[in-house]
Novice: 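Submitted below is the structure of interest, expressed as structure tokens.
One-based numbering, in listed order, for ligands and for the atoms of each. The first residue in the sequence is number 1, and the count goes up from there. The figures here come from the full heavy-atom set of this structure, side chains too, leaving out hydrogens, waters and symmetry mates.
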Amino acid sequence: MPAPSHPFQPYADRYLDHASAGDVKPTALQIVRDLELVDKLQEKVILITGTSAGLGLETARALHATGANLYLTFRNKAKVEAIVKELMASNPQGQLPTLIEMELSSLDSVRQAAKQFLDQQKRLDILVNNAGIMGVPEGRTVDGFEKQLGTNHFGHFLLFQLLKPVLLASGTAGSPSRVITLSSAAHKASGIFFDDLDLTKHGYNPMLAYAQSKTANMYMANSIDRHYGAQNLRGLSVHPGLIITTELARDLSDEDKQMFASIAHVARSAEQGAATTVWAALSPHFNDHGGVYIADVGVSGPVAEDEILVGPGYATHAYDEEAEEKLWKLSYQAVGYDE
Ligand SMILES: NC(=O)c1ccc[n+]([C@@H]2O[C@H](COP(=O)([O-])OP(=O)(O)OC[C@H]3O[C@@H](n4cnc5c(N)ncnc54)[C@H](OP(=O)(O)O)[C@@H]3O)[C@@H](O)[C@H]2O)c1
């Protein structure tokens, strides 16, 4: 995808102040209200991964307010059942979400989850690839991939491929279906190590592996849009900002935890972080403008010289058709799926 030449940033003035308290950044629910979509999407089907905590929970809460039919993936049933109870209590007129068990670090579990969905649904309008892990110690998924690339990218890549037929069948010219994939400002720290995906030659570094997986998330979104945009299926990637109240940092080393603590003053709430995801999922702007990286509820431009570490700009390697295509093909092989 070519990098966006005229970024669309309707909320830019709300992001001038980085203070986390008393600021004016929109929340996910505010985006639904601003787009006048409360209770308006009863016919739409939305699947969100990783809704048991953090941004996924706030994304589910806001999308539930649209009246859409939600499918929520989980690993911990008790955790997600409590969330569904809470969603229904705060929005009783909303549809009861359906829960689907899925462990992204197992391709077999992803296949079973996709089958469970497809057994119940012939429609999917929006897929939100939100689940993720960050900075975990070196490890492998069930299928032998480096853990962060395997969980954050390969698991979601296979999920998308298995759900692609219903996404394609559900999109129309006036209302294309969408795949929103959570990337991160961390993508700026690394491209893809095509000759060393598990970082054994370079020496495993938890945050470098996370950065690589987040660039992979962005490349998948760009590739989805390039391959299927003309068939009414759009791909978008999102950086939600820095949110330190979620569970994402649970596996970080003390040193990495200190690094995040040092920039805590620019953090936002999970409700504010999910605003960008929800805007990507719902704004009519993206019916015609896919394949872009979105942050601060706006289409990102290139990294500015004075930008903070977790700021909204994209790195020079973010839009690289050759690398995107290389990862796309390699991912098909890795997950054992034919195009
Ligand atoms: N927080 C930030 O500052 C930030 C910044 C940039 C990007 N992001 C991205 O935003 C997304 C959500 O992050 P978050 O901050 O909300 O994190 P979080 O609070 O840790 O939530 C992560 C979600 O993913 C699920 N998950 C983790 N590993 C999984 C696996 N192997 N299989 C299936 N589900 C799994 C978790 O389920 P369990 O409850 O079962 O663990 C949880 O529901 C991630 O993709 C992250 O990279 C976050």
Novice: Only heavy atoms of Tyr210, strictly under 4.0 Å: list the atoms of ligand 1 that pass.
Specialist: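 In order of numbering, the contacting atoms are 7 (C), 8 (N), 46 (C), 47 (O).
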
Novice: Return yes or no for this condition: an N or O of His239 is under 3.5 Å from an N or O of ligand 1.
Specialist: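 No.
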
Novice: For the residue pair Arg178 and Asn287, confirm or rule out a side-chain donor-acceptor distance under 3.5 Å.
Specialist: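 The criterion, which ignores hydrogens and geometry beyond distance, is satisfied for Asn287 and Arg178.
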
Novice: Can you find an N or O of Pro240 that's nearer than 3.5 Å to an N or O of ligand 1?
Specialist: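 By distance alone, the answer is no.
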
Novice: Any idea which atoms of ligand 1 are less than 4.0 Å away from a heavy-atom of Met102?
Specialist: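 Close to Met102: 32 (N), 33 (C).
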
Novice: Taking N or O atoms only and a 3.5 Å limit, does Ile243 qualify as a polar contact for ligand 1?
Specialist: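 Yes, Ile243 has an N/O under 3.5 Å of an N/O on ligand 1.
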
Novice: As a check for students: among Val142, Leu182, Asn130, identify the option with a heavy atom nearest to atom 44 (C) of ligand 1.
Specialist: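 Checking each option, the heavy atom nearest atom 44 (C) of ligand 1 is found in Asn130.
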
Novice: Check whether any N or O atom of Leu55, backbone or side chain, sits under 3.5 Å from an N or O atom of ligand 1, and answer yes or no.
Specialist: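 Min N/O separation from ligand 1 is below 3.5 Å for Leu55.
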
Novice: In plain terms, say whether Lys147 and Glu138 are close enough for a salt bridge, that is, a side-chain N and a carboxylate O under 4.0 Å apart.
Specialist: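 Between Glu138 and Lys147 there is no salt bridge, as every charged N stays at least 4.0 Å from the carboxylate O atoms.
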
Novice: Among protein heavy atoms, which lies nearest atom 9 (C) of ligand 1, and at what distance?
Specialist: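 Heavy-atom neighbour on the protein nearest atom 9 (C) of ligand 1: Ser183 O, 3.9 Å.
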
Novice: Should the heavy atoms of other residues, nucleotides or ligands under 6.0 Å from CD of Gln93 be counted, would the total exceed 12?
Specialist: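 Yes, CD of Gln93 has more than 12 neighbouring heavy atoms, counting only those of other groups under 6.0 Å.
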
Novice: Please identify which atoms of ligand 1 are closer than 4.0 Å to at least one heavy atom of Gly50.
Specialist: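 Contacts of ligand 1 toward Gly50, numbered from 1: 23 (C), 24 (O), 25 (C), 43 (O).
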
Novice: Looking only at distances, can you tell me whether any N or O atom of Leu248, backbone or side chain, sits closer than 3.5 Å to an N or O atom of ligand 1?
Specialist: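 By distance alone, the answer is yes.
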
Novice: Look at the side chain of Asn222 and the backbone N and O of Glu324, then say whether any donor-acceptor pair between them is shorter than 3.5 Å.
Specialist: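 A pair under 3.5 Å: no.
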
Novice: Provide the number and element of each atom of ligand 1 under 4.0 Å from a heavy atom of Glu247.
Specialist: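 Those qualifying, in numeric order: 18 (P), 19 (O), 20 (O).
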
Novice: Between the candidates Ala60, Gly155, Ser52, which shows the shortest non-hydrogen contact distance to atom 36 (C) of ligand 1?
Specialist: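 Selected option, by shortest heavy-atom distance: Ser52.
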
Novice: Show the atoms of ligand 1 that are less than 4.0 angstrom away from any heavy atom in Gly241.
Specialist: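 This gives 2 (C), 3 (O), 4 (C), 5 (C), 6 (C) as the contact atoms.
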
Novice: Is Glu325 paired with Arg226 through a side-chain N to carboxylate O contact shorter than 4.0 Å?
Specialist: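 Judged by the 4.0 Å cut-off on N to carboxylate O distance, Arg226 and Glu325 do form a salt bridge.
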
Novice: Within less than 4.0 angstrom of ligand 1, does Lys79 place any heavy atom?
Specialist: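 Distance cut 4.0 Å: Lys79 passes for ligand 1.
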
Novice: Below 3.5 angstrom, do we get any N/O pair linking Arg250 and ligand 1?
Specialist: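 For ligand 1, there is an N or O atom that lies under 3.5 Å from one belonging to Arg250.
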
Novice: Using 30° and 60° as the class boundaries, would you call the ring planes of Tyr332 and Trp328 parallel, tilted or perpendicular?
Specialist: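 Perpendicular, since the angle between the ring planes exceeds 60°.
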
Novice: With respect to Thr246, determine whether any N or O atom, backbone or side chain, lies less than 3.5 Å from an N or O atom of ligand 1.
Specialist: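 Yes, since at least one N or O of Thr246 sits under 3.5 Å from an N or O of ligand 1.
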
Novice: Under 4.0 Å from a heavy atom of Thr151: which atoms of ligand 1 are those, numbered in the order shown and with their elements?
Specialist: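 Numbered from 1, ligand 1 contributes 30 (C), 31 (N).
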
Novice: Check each atom of ligand 1 against the heavy atoms of Ile133 and keep those under 4.0 Å away; list them by number with element.
Specialist: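 It comes down to these atoms of ligand 1: 27 (C), 28 (N).
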
